[in-house]
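Some notes on the structure that comes next.
Both backbone and side-chain heavy atoms feed into the values below; hydrogens, waters and symmetry mates do not. Bear in mind the structure is a predicted one, so any value in this text is a computation, not a measurement.
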Amino acid sequence: MKKLLTAFVLITTLGTAPVMAANDTLMPVDTMNYIGYGAIMLMLVLFVVTMLVLLRTFKVLTRLLMGAEAKNAPAEVEAEVVPAKPKNSLVNKLLSLRPMAEEESLLTEHDFDGIKELNNPTPAWFMGLFYTTIVFAVGYLLVYHVFGIGQLQDQEYQTEMTIANKEKEAFLAKSANRVDENTVTLSKDGAVLQSGATVFKTHCAACHGEKGQGVVGPNLTDEYWLHGGKINDVFKTIKYGVQAKGMPNWEKQLTPKQIADVASYIKSIYGTKPAGAKEPQGDIYKDDAAAKTASI
């Protein structure tokens with residue numbers, strides 16, 4: 001303690017020395033003051049720690065002198081003679097583990113080089129899970145490989161592909177019915193033209209003839225058109241009709257796909273020159289392909 005006080009006084013003196021001898025050193029006065037203050041704070045901390053250690057020591061000495069340990073001795077002796085019953089924690093119960101205090105009762109007769117084996121059984125929950133997997137495996141074998149109730153992977157693949165193809169057809173059919181006079185395109189597909197021919201013979205042949213040669217309505221096989229010869233114009237004419245000339249609109253009787261199909265069919269019979277064709281009506285219209293052919 002005496003040495004600590006001496007060191008404290010010495011550092012305090014050094015901390016104030018820079019102020020008195022500022023002219024005899026190259027270090028700035030403020031820096032020397034900060035160093036001195038830091039040393040003082042360090043010594044204060046050491047002083048407090050020393051006091052706490054001494055206080056702890058005094059308490060221990062007081063307990064020894066007052067016989068505190070002597071009073072606790074009987075309880076400690078009793079605890080050694082009658083050991084406390086080990087507590088079986090919740091984790092041990094869940095895992096079916098026995099406490100370490102019962103280790104001697106779990107020892108088996110197996111002994112190898114001083115190493116003994118404990119008879120600590122597998123947890124009940126683990127065995128239950130194990131037996132469940134066995135039952136599941138037997139059921140899986142019966143369902144998929146014996147009775148054929150469930151589908152194997154290759155069968156599931158075929159089923160999914162069939163469903164996907166049906167959904168694709170439904171989607172394409174729905175998309176086809178979204179066509180209008182602005183989005184319609186000329187098709188040369190055989191199935192489309194066959195569908196258009198069926199629609200034409202059912203709904204259009206009465207006015208335009210079975211081969212499009214024209215009866216009440218105009219001839220559809222020549223290069224003359226009353227309301228435009230583009231695929232968009234043909235679609236629009238069929239859809240909305242021409243009330244002034246007696247052609248009805250087919251917007252409510254036919255689907256957009258049927259109108260598109262019959263429009264492509266009408267464009268496909270250009271130049272067929274059927275017998276008994278009606279005289280030309282309207283203005284000349286030639287497709288780009290026909291115009292290129294004529295120029296060649």
Side-chain angles (χ1 to χ4, degrees), residues 157-296:
Y157 173 76
Q158 296 295 335
T159 302
E160 292 295 333
M161 290 300 298
T162 303
I163 295 174
N165 290 331
K166 291 182 179 179
E167 292 178 350
K168 180 180 178 181
E169 292 176 0
F171 174 78
L172 292 177
K174 186 182 294 184
S175 299
N177 283 322
R178 293 175 183 171
V179 67
D180 58 16
E181 60 271 18
N182 298 316
T183 59
V184 64
T185 56
L186 180 63
S187 176
K188 296 182 180 180
D189 183 77
V192 172
L193 298 180
Q194 182 62 37
S195 173
T198 302
V199 174
F200 183 86
K201 291 177 181 180
T202 303
H203 300 282
C204 308
C207 295
H208 296 281
E210 291 187 1
K211 297 182 180 180
Q213 71 274 14
V215 182
V216 177
N219 179 11
L220 300 178
T221 62
D222 58 18
E223 56 187 7
Y224 290 85
W225 295 86
L226 291 170
H227 307 288
K230 292 183 179 179
I231 185 66
N232 308 80
D233 299 329
V234 177
F235 184 98
K236 183 177 180 180
T237 303
I238 298 171
K239 180 178 181 180
Y240 298 109
V242 184
Q243 299 297 328
K245 296 185 178 181
M247 179 173 177
N249 58 11
W250 296 96
E251 183 178 9
K252 296 181 180 180
Q253 289 85 354
L254 301 177
T255 65
K257 182 180 184 303
Q258 289 176 321
I259 297 176
D261 292 348
V262 73
S264 294
Y265 171 75
I266 291 172
K267 293 291 293 182
S268 68
I269 61 177
Y270 165 75
T272 55
K273 299 179 180 180
K278 194 176 181 179
E279 66 278 2
Q281 294 176 276
D283 300 324
I284 295 179
Y285 171 81
K286 290 185 178 181
D287 292 331
D288 295 337
K292 290 180 180 179
T293 305
S295 62
I296 293 175

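Here Leu254 contributes atom CG and Lys239 contributes atom NZ; the two are 12.0 Å apart, rounded to the nearest 0.5 Å. Separating the CZ atom in Phe235 from the CD1 atom in Ile266 is a distance of 11.5 Å, to the nearest 0.5 Å. Put simply, CD1 on Ile238 and NE2 on His203 are 11.5 Å apart, with the number rounded to the nearest 0.5 Å. Taken from CD in Gln213 to CD1 in Ile269, the straight-line distance is 9.0 Å, to the nearest 0.5 Å.
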- Item | Candidate pair Thr183 and Arg178, rule side-chain contact (heavy atoms from CB on, under 4.5 Å), full reasoning | CA-CA 9 Å; Thr183 59; Arg178 293 175 183 171; over 6 Å; no
- Check the pair Val199 / Asp261 against side-chain contact (heavy atoms from CB on, under 4.5 Å), numbers first and verdict last. CA-CA 8 Å; Val199 174; Asp261 292 348; 5.7 Å; no
- Message: Under the criterion side-chain contact (heavy atoms from CB on, under 4.5 Å), I'd like the reasoning laid out for Leu220 against Phe200: C-alpha separation, chi angles, the key distance, then a yes or no.
- Response: CA-CA 12 Å; Leu220 300 178; Phe200 183 86; 3.7 Å; yes
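Contact between Asn219 and Ala277 at its shortest, heavy atoms only, is ND2-CB, 3.7 Å. Looking at every heavy atom in both residues, Tyr265 comes nearest to Glu210 through OH-O, 4.4 Å. For the residue pair Asp189 and Ser187, the shortest heavy atom distance occurs at N-OG, 3.3 Å. Heavy-atom minimum distance, Asp222 versus Pro280: OD2-CA, 3.6 Å. Heavy-atom minimum distance, Tyr285 versus Lys267: CE2-NZ, 3.7 Å. In plain terms, the two heavy atoms of Pro256 and Val179 that are nearest each other are CB-O, 3.4 Å.
Counting heavy atoms of neighbouring residues, nucleotides and ligands inside a 6.0 Å radius, atom CD of Gln194 does not exceed 12 of them. No more than 12 heavy-atom neighbours from other residues, nucleotides or ligands sit within 6.0 angstrom of NZ on Lys236. Heavy atoms from other residues, nucleotides or ligands lying under 6.0 Å from CD of Gln281 number more than 12.
When side chains are defined from C-beta on, Trp250 does not count as touching Gln258, because their heavy atoms never get closer than 4.5 Å. Residues Lys230 and Trp225 are not in side-chain contact: their nearest non-hydrogen atoms beyond the backbone lie 4.5 Å or more apart. Residues Thr237 and Val242 are in side-chain contact: their nearest non-hydrogen atoms beyond the backbone lie under 4.5 Å apart. Using a 4.5 Å cut-off on side-chain heavy atoms (C-beta onward), Asn249 and Gln243 make contact. Counting heavy atoms from C-beta outward, His227 and Lys245 have side chains that approach closer than 4.5 Å. Between Thr272 and Lys211, the closest side-chain pair of non-hydrogen atoms is not below 4.5 Å. By the 4.5 Å heavy-atom criterion applied to side chains, Leu193 and Ser264 are counted as neighbours. Side-chain contact between Asn232 and Val184: present, with at least one pair of heavy atoms (C-beta onward) separated by less than 4.5 Å.
Ser195 places no side-chain N or O within donor-acceptor distance of the main-chain N or O of Val192, the cut-off being under 3.5 Å. Between the Lys278 side chain and the Val216 main chain, a donor and an acceptor come within less than 3.5 Å of each other.
Between Thr162 and Asn165, the side chains place no donor N or O within less than 3.5 Å of an acceptor N or O (distance only, hydrogens not considered).
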